[in-house]
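Here the structure is laid out as structure tokens; the discussion comes afterwards.
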Amino acid sequence: MRDQLKNITEKDYWVYGVTEFEFDHTINVVREMIDARTEQYKKQEARVRKESPDVADDILDDVAYYRYTDNQYLWQFSLWRLQGLIEAVIAHQLIEAPKNKKLFGLKAKLEALQGLGYSLEQQEIDELLLWANLRNALSHAPPEQYRPAPLCEADIVEYQAFVKGLYLRWQKEKDNGLPLIR
């Protein structure tokens, strides 16, 4: 590993920290990639239909399937990033714990957040933990190459709206004077 990457932390690459726009950017990056892949596919489709009209559907079926599965991996990336963003907000912007007192796991972070007075309903905790469990499952036992998890854009858009809404609410509560752990 290059020396520059050893022991790297957010202090080495953050300028502003996580902002509201990070949540939108995650979705936008994936949509741009999928749009570019769709444009590329359409060009390939036109060429194949012109060069091999009799077998074009057979050829394109496989290409379309692999494009679809690869796109699902892009949505899995979004889940991973969105989960990281909300945990970073909690751990580094709302619960600024001392270096020697790290909070391990999302549940511990959520409990500390509630202890400070930030609003968080039990159903929101349950939802956050379900998403975290999915992210962990996909991270620690990744799906096979051509059999991604059935995660799609609508799922990620739902999750993004959920965590962005929590972020905005907690930022408002912080601005209204809720304390930080120091």
Side-chain angles (χ1 to χ4, degrees), residues 1-10 12-14 18 21-92 102-110 123-167:
M1 177 183 279
R2 289 185 296 122
D3 286 340
Q4 182 183 11
L5 301 177
K6 293 176 185 174
N7 303 312
I8 195 169
T9 72
E10 70 283 349
D12 298 309
Y13 50 80
W14 277 354
V18 178
F21 306 105
E22 298 288 338
F23 295 93
D24 297 327
H25 181 255
T26 299
I27 299 286
N28 292 338
V29 164
V30 171
R31 282 182 175 152
E32 287 172 7
M33 291 173 139
I34 289 173
D35 289 348
R37 291 171 50 80
T38 298
E39 184 178 322
Q40 181 184 37
Y41 172 79
K42 287 179 181 178
K43 288 178 184 175
Q44 182 180 12
E45 178 185 29
R47 181 184 51 76
V48 167
R49 289 197 185 285
K50 182 178 180 182
E51 293 173 2
S52 307
D54 295 340
V55 292
D57 287 339
D58 291 334
I59 294 169
L60 293 169
D61 281 348
D62 287 343
V63 174
Y65 175 75
Y66 297 136
R67 189 176 125 262
Y68 168 77
T69 59
D70 287 348
N71 288 349
Q72 284 185 290
Y73 284 112
L74 294 173
W75 291 117
Q76 289 177 28
F77 156 78
S78 297
L79 172 61
W80 170 78
R81 179 151 172 84
L82 289 167
Q83 181 71 31
L85 289 171
I86 198 64
E87 288 197 43
V89 165
I90 296 168
H92 297 282
K102 290 205 176 227
L103 294 170
F104 293 100
L106 179 59
K107 190 171 184 179
K109 291 173 185 139
L110 295 174
Q123 73 215 36
E124 293 170 325
I125 293 170
D126 295 343
E127 183 85 5
L128 284 167
L129 292 175
L130 284 171
W131 283 107
N133 290 342
L134 175 59
R135 187 277 315 260
N136 288 343
L138 296 174
S139 295
H140 300 295
E144 298 165 345
Q145 181 177 358
Y146 298 117
R147 297 177 59 98
L151 196 61
C152 64
E153 179 178 6
D155 299 319
I156 295 304
V157 168
E158 172 190 330
Y159 182 60
Q160 185 260 7
F162 174 54
V163 293
K164 183 178 174 183
L166 291 172
Y167 168 84

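Leu134 is not listed as a side-chain neighbour of Gln83, based on a closest heavy-atom distance of 4.5 Å or more. Phe23 places a side-chain heavy atom less than 4.5 Å from the side chain of Val163.
Judged by distance alone, the side chain of Asp61 and the main-chain N or O of Asp58 form no donor-acceptor pair under 3.5 Å.
Interatomic distance, Leu110 CG to Glu87 CD, rounded to the nearest 0.5 Å: 8.0 Å. Annotation: the span from Leu128 atom CG to Lys109 atom NZ amounts to 12.0 Å, rounded to 0.5 Å. Here Leu82 contributes atom CG and Arg135 contributes atom CZ; the two are 11.0 Å apart, rounded to the nearest 0.5 Å. Atom CD1 of Ile8 sits about 12.0 Å away from atom CG of Asp3, to the nearest 0.5 Å. Atom-to-atom distance recorded for Ile34:CD1 and Glu32:CD is 11.0 Å, nearest 0.5 angstrom. Between the CG atom of Leu60 and the CD atom of Gln44 there is a distance of 7.0 Å, given to the nearest 0.5 Å.
Tyr73 approaches Pro143 most closely through the heavy-atom pair OH-O, 3.6 Å. Considering every non-hydrogen atom in both Leu151 and Trp75, the closest pair reads CD2-O, 3.9 Å. For the residue pair Ser78 and Ile156, the shortest heavy atom distance occurs at CB-CG2, 3.5 Å. Pro148 and Gln76 make their closest contact through CB-NE2, 3.6 Å (heavy atoms, listed as atom of the first residue, atom of the second, distance).
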Give the C-alpha distance, both sets of side-chain angles, the deciding distance and a yes or no for side chain to side chain contact (heavy atoms under 4.5 Å, CB included) between Val63 and Tyr41. CA-CA 8 Å; Val63 174; Tyr41 172 79; 3.7 Å; yes
When you look at Glu124 and Leu166, which way does the side chain to side chain contact (heavy atoms under 4.5 Å, CB included) test go after all the steps? CA-CA 9 Å; Glu124 293 170 325; Leu166 291 172; 3.7 Å; yes
Would Lys164 and Asp24 satisfy side chain to side chain contact (heavy atoms under 4.5 Å, CB included), going step by step from the backbone distance to the final call? CA-CA 8 Å; Lys164 183 178 174 183; Asp24 297 327; 2.9 Å; yes
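Counting heavy atoms of neighbouring residues, nucleotides and ligands inside a 6.0 Å radius, atom CG of Asp12 exceeds 12 of them. Within 6.0 Å of the OH atom in Tyr68, the count of heavy atoms belonging to other residues, nucleotides or ligands does not exceed 12. Environment of NZ in Lys6: crowded, with over 12 heavy atoms of neighbouring residues, nucleotides or ligands closer than 6.0 Å.
A salt bridge (Lys or Arg N to Asp or Glu O under 4.0 Å) check over residues 63-84, counting only residues at least two apart or in different chains, returns the pairs Glu22-Arg81, Arg37-Asp70. Among residue pairs with one or both ends in residues 138-155, those qualifying as side chain to side chain donor-acceptor pair (under 3.5 Å) are Arg31-Glu153; sequence neighbours excluded.
Remark: the Trp131 side chain and the Glu127 side chain contain an N/O donor-acceptor pair separated by less than 3.5 Å.
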